[in-house]
Undergrad: 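Let me give you the structure first, and then I'll get to my questions.
Predicted model, so just to flag it, every value in this text is computed and none were measured. A, B, ... follow the sequence lines: proteins, then strands. Residue 1 opens every chain.
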Amino acid sequence: MEEHYDPAGVERAAQAHWEKSRTFEVREDKGREKYYCLSMLPYPSGRLHMGHVRNYTIGDVLARFMRMQGRNVLQPMGWDAFGLPAENAAMSNGVPPAQWTRQNIAHMRAQLKSLGFGIDWSREIATCDPSYYRWNQWLFLRMLERGIAYRKTGVVNWDPIDQTVLANEQVIEGRGWRTGALVEKREIPTYYLNITRYAEELLGDLEQLPGWPERVRLMQANWIGRSEGCEISFPYAPDTRAAMSAEGALKVFTTRADTLFGVTFMAIAAEHPVATAAAASNPTLAAFIEECRRGSVMEADVATQEKKGMRTGLHVLHPFTGQPIEVWVANYVLMGYGEGAVMGVPGHDERDLEFASKNSLPIVTVVRSKSGAYGEVRAPWIPEYGEYGITVNSGEFSGLEFRAAVGAIAASLEKRGLGKKRVQYRLRDWGISRQRYWGCPIPLIHCGTCGEVPVPDEQLPVVLPEDLVPDGSGNPLGKSAAFYSCACPKCGGPARRETDTMDTFVDSSWYYMRYACPDQDRSMVDERVAYWLPVDQYIGGIEHAILHLLYSRFWTKVMRDLGLLGMDEPFTNLLTQGMVLNHVYSQSQADGRRRYFNPADVRSRRDAAGTEVFEVTVPGGDTIRVDYQGLGKMSKSENNGVDPEGLVRRFGADTARLFTMFASPPEQTLEWSDEGVQGASRFIRRLWTAVYEHVRRGQPSGFDAGALTDPQRVVRRAAHHALAKATDDIGRRRNFNTAIAASMELLNTVGRFDDLSDQGRAVRHEALEIVTLMLAPIVPHVTHELWRALGHERAVIDEPWPAVDESALTQESVEFVVQVNGKLRGRVRVQRDADETVVREAALADEHVMKFVGGKSAVKRVIVVPGRQIVNVVVSAPPGQQDG
RNA sequence: GCGAAAGUGGCGGAACUGGUAGACGCGCUGGACUUAGAAUCCAGUGGGGAAACCCCGUGAGGGUUCGAGUCCCUCCUUUCGCACCA
């Protein structure tokens, strides 16, 4: 063993050992309990960032801990390799996305290896690999056969310059984020997956996921957004019948059927067919509809918009009274939810009230407050909005409370074919078409004669050409005849291949299954999936709480229904790690923008007035003052990232791992601190030195547990106490920071222990072994070396997690804390098994305690809590007052 | 607006079931070693009172309890998610 800790050498040796003995390559073993530990796969952006390091360290610690607990642990890794950044990089460098992506993967794989993650690299997958994405295509075709996948023309954000669809978050103030062009709403054909078919199950099964954070389950439930209500048909009046050239009715969905008699207008979305029909003969209305259409489709923007509307001039009839009701086009009605039309009840809905007031429409009250406790602001007979009351002015349905009113109205409507109770979900079908190059081709062929023809299974995969370079003007696949021209599989005539690719969320919806059988080329998954899945522990960012996790759950259920899987849910336990934050420094520029400076370049000092100022030396040698902006998520835009590669080079992977695990619990945000990193490094060196100083004196013999001195017994107790705590902290609580604190405490105890007798050294030996094993999952390299130094042949990675020696924890005497009226006043020591009377006597015999009790007669009660080693003496009055 | 989580020293955080508030680390102060610094080691470190010892302290105010950072009520602040969902 070297006297001084050299992280680079130690880490090289440990990693070489794992590689040589193929430590992390695993196979199915029915005889052992499996543990599938999965971290969300990274996008190969080029370099790891601290978020990755944190994510994968958490996973690796759990994987290594479970391995030591005897589980057959699978920890795989792969690449979410399709996506827009590769196309953008291609445009600026002229390099094909495939080449850029594969280079990035190579670099990041090396970075992951340098951090010592115990990954089974033999299972690595990249979603851009045809052997992977062919199964996206295969399953898509199965979905198409079952109607789960379908084609529909839908409204999207369209960038007219780039000729592509933009995601909502890529539209900034109505303009394309890259081109600055005014974004249009366009209706183009898109493939959808019918996730709403699974809405009920996706919602209900959340209850079966106790291992998920409550927060995530709630977010998913809100996203699915189940509401119970009624659909109600308002038959067309003659004018509407004429405009639509058909009989029919305007359908609405409402959760407040009890307010049906309060309807004073109908509001429909701009895209609603009735609106289109009305606009045909009404240019002003057509212009208004166009205006609504051009508006942002971002829901948050829509929410803050002023309520605007315009008469269609058409009418529908009230299903009970037969009264004609005016139909309005309103910008606050969403085409995508419910029926794209709502009944306007300004008496009992705040939005409808705002709209009615603006347009001078009548307001009718049909629900009276049940409680009689009326609001102060509103007229006394109107209940607060959202409150349920008793119906009034509602014909035969008057005098009913909410539930009864809805029931009676729905029943009556149903009898006449004008409505029924229904459940409505906020969740919408998943549009997966992207007019982009770097993604999985959608396996369809458009034939002039046969129409839309699926690519036959035997022609899969539809391989994405890897040599194209996008130029920013639309999808290069659409310009590549070599790709799109093909023969129709049905008639053999010339046909055109679909050039849209799939949303990359498709790729990440099932990659975790493929890790079980990455080499299977005959089927999407095989029986090995039954062994490894579901994932026992999934770890990733909270930003995926809804989309990725919901899509994966949906995908699993679809595969189950196709008979490919025997599970309902893919991820048993979910840990959402917090963000990594760092300080943000910037200076405002002449053009009003801010220029950001990396915290590593910022120095702080006190100025003449004693206030802290921050300075940066810029290229050229000038020193400038910068403003401190507080903490922010590590990001490129705020230039506050810490490069993991530099950190590993300077301190070693173990320090990087130890700091990220120690600074805060995994679910909380982690604040970067250079001093904290130094502290982590210091601790590892202290541990190294402690072992070095110990082993250079030679191996001690074993100790006789029955013949230890008191200080020796204290050290043993500390060691086993720390071990018990770390076992619980890692295994149950997932609080790695307190497990590390326990090991630091133990090392402090060992450091103060200066007994160099053979028994003393034997006790120290055990304590150092325990601290080494406790830390093995967290700092695997240094513990690999220390374990050898402590005299072991077998590598620490193959050691079982140590067992707590309960006998080391027991003490002859225990200390009780004595309180008087809940305030700490003394401590007494009694025999371990002393009964309550003895404890009480000892407490009352304590001089200091009695001073606060003020005489035995003042004692009202004595409470002894044996489990907590606490005695509380209850006194009627404080002694000061008694005396005075 | 709705929903959720969280407010503890100079800082990150600990206190898991209501039972010794501030573990562990950072920083700071003093000391040792050193020509000097860095590194390392030792001691101290919530606030107040000279001190043994006492008082006060977990966002604010009330309550329950022998005992409250922890439970309940009201309020304040911050963060996150959703946001015209009919």
Undergrad: Report the relative orientation of the aromatic rings in Y337(A) and F253(A); use parallel for angles under 30°, tilted for 30 to 60°, perpendicular for over 60°.
TA: perpendicular

Undergrad: Counting any heavy atom closer than 4.0 Å, what does E675(A) reach on the DNA or RNA strands: base, sugar-phosphate only, or nothing?
TA: sugar-phosphate

Undergrad: Could you tell me whether V817(A) contacts a base, only the sugar-phosphate backbone, or nothing, with contacts defined as non-hydrogen atoms closer than 4.0 Å?
TA: base

Undergrad: Identify the stems formed by RNA chain B, where each pair is Watson-Crick or G-U wobble with both distances under 3.5 angstrom and a stem is at least 3 consecutive pairs.
TA: B:1-7 with B:76-82, B:10-12 with B:24-26, B:27-32 with B:40-45, B:46-49 with B:53-56, B:59-63 with B:71-75

Undergrad: So V333(A), base contact, sugar-phosphate only, or nothing? Heavy-atom distance under 4.0 Å.
TA: base

Undergrad: On RNA chain B, check which nucleotide each of M744(A) and Q869(A) is closest to and give me the residue with the more 5' one.
TA: Q869(A)

Undergrad: Summarise protein proximity over nucleotides 3-10 of chain B in one line of letters, 5' to 3': B for base, S for sugar-phosphate only, - for none, counting protein heavy atoms closer than 4.0 Å.
TA: SS------

Undergrad: Looking at U40(B), does its base get a donor-acceptor pair with the side chain of R686(A) below 3.5 Å?
TA: no

Undergrad: Under 3.5 Å, is there a donor-acceptor pair linking the side chains of R829(A) and S813(A)?
TA: yes

Undergrad: If anything within 90° of 0 is syn and all else is anti, what is G13(B)?
TA: anti

Undergrad: Contact class for R682(A) (heavy atom, under 4.0 Å): base, sugar-phosphate, or nothing?
TA: sugar-phosphate

Undergrad: Could you tell me how far U70(B) sits from A6(B) if I compare only their C1' atoms? Round to whole Å.
TA: 14 Å

Undergrad: Return yes if the base of C66(B) and the side-chain atoms of K860(A) contain a donor-acceptor N/O pair under 3.5 Å, otherwise no.
TA: no

Undergrad: Quick one: which residue pairs count as a salt bridge (Lys or Arg N to Asp or Glu O under 4.0 Å) with a foot in residues 661-679 of chain A, not counting sequence neighbours?
TA: none

Undergrad: What I want to check is whether the side chains of S681(A) and R685(A) have a donor and an acceptor closer together than 3.5 Å.
TA: yes

Undergrad: What does the list of N/O pairs under 3.5 Å between the protein and nucleotides 54-58 of chain B look like, with a distance for each?
TA:
from   : atom 1 : to      : atom 2 : distance (Å)
C54(B) : OP1    : H848(A) : NE2    : 2.8
C55(B) : OP1    : R825(A) : NH2    : 3.3
C55(B) : OP2    : R825(A) : NH1    : 3.2
C56(B) : OP2    : K823(A) : NZ     : 3.4

Undergrad: Checking all strands, does G338(A) fall into the base, sugar-phosphate, or nothing category for heavy-atom contacts under 4.0 angstrom?
TA: nothing

Undergrad: Who passes side chain to side chain donor-acceptor pair (under 3.5 Å) against R825(A), sequence neighbours left out?
TA: none

Undergrad: With a 4.0 Å cut-off on N to O distance, would you call E847(A) and K851(A) a salt bridge?
TA: no

Undergrad: Could you note down all residue pairs passing salt bridge (Lys or Arg N to Asp or Glu O under 4.0 Å) where residues 735-744 of chain A supplies at least one of them, sequence neighbours left out?
TA: none

Undergrad: Could you list the protein-to-nucleotides 12-18 of chain B atom pairs, N/O on both sides, closer than 3.5 Å?
TA:
from   : atom 1 : to      : atom 2 : distance (Å)
G12(B) : O2'    : A663(A) : O      : 2.9
A14(B) : OP1    : N737(A) : ND2    : 3.4
A15(B) : OP1    : R733(A) : NH1    : 3.3
A15(B) : OP1    : R733(A) : NH2    : 2.6
C16(B) : O2     : R732(A) : NH2    : 2.5
C16(B) : N3     : R733(A) : NH1    : 3.4
C16(B) : N4     : K725(A) : NZ     : 3.0

Undergrad: Could you pull out all residues at least two apart from E745(A) that satisfy side-chain contact (heavy atoms from CB on, under 4.5 Å)?
TA: none

Undergrad: Taking for each residue the nucleotide of RNA chain B with the nearest heavy atom, is it M335(A) or E745(A) whose nucleotide lies nearer the 5' end?
TA: E745(A)

Undergrad: Scan for ring-ring contact (aromatic ring centres under 6.0 Å, His included) pairs involving residues 654-684 of chain A, sequence neighbours excluded, and state none if there are none.
TA: F659(A)-W672(A)

Undergrad: Please name all residues satisfying side chain to side chain donor-acceptor pair (under 3.5 Å) with D728(A), sequence neighbours left out, ordered by chain then number.
TA: R732(A)

Undergrad: May I ask you to say what N748(A) touches in the nucleic acid, namely base, sugar-phosphate or nothing, with a heavy-atom cut-off under 4.0 Å?
TA: sugar-phosphate

Undergrad: Please measure how far the P atom in A23(B) lies from the corresponding atom in C71(B), and state the result in whole Å.
TA: 22 Å

Undergrad: For U40(B), take OP1 and OP2 only and decide whether either is under 4.0 Å from a side-chain N or O of R685(A).
TA: yes

Undergrad: Are K307(A) and Y332(A) in a cation-pi contact, defined as NZ or CZ under 6.0 Å from the six-membered ring centre and within 45° of the axis?
TA: yes

Undergrad: Could you tell me which residues satisfy side chain to side chain donor-acceptor pair (under 3.5 Å) with Y628(A), sequence neighbours excluded, listed by chain and number?
TA: H583(A)

Undergrad: With sequence neighbours excluded, tell me which residues meet side chain to side chain donor-acceptor pair (under 3.5 Å) with R603(A).
TA: T617(A)

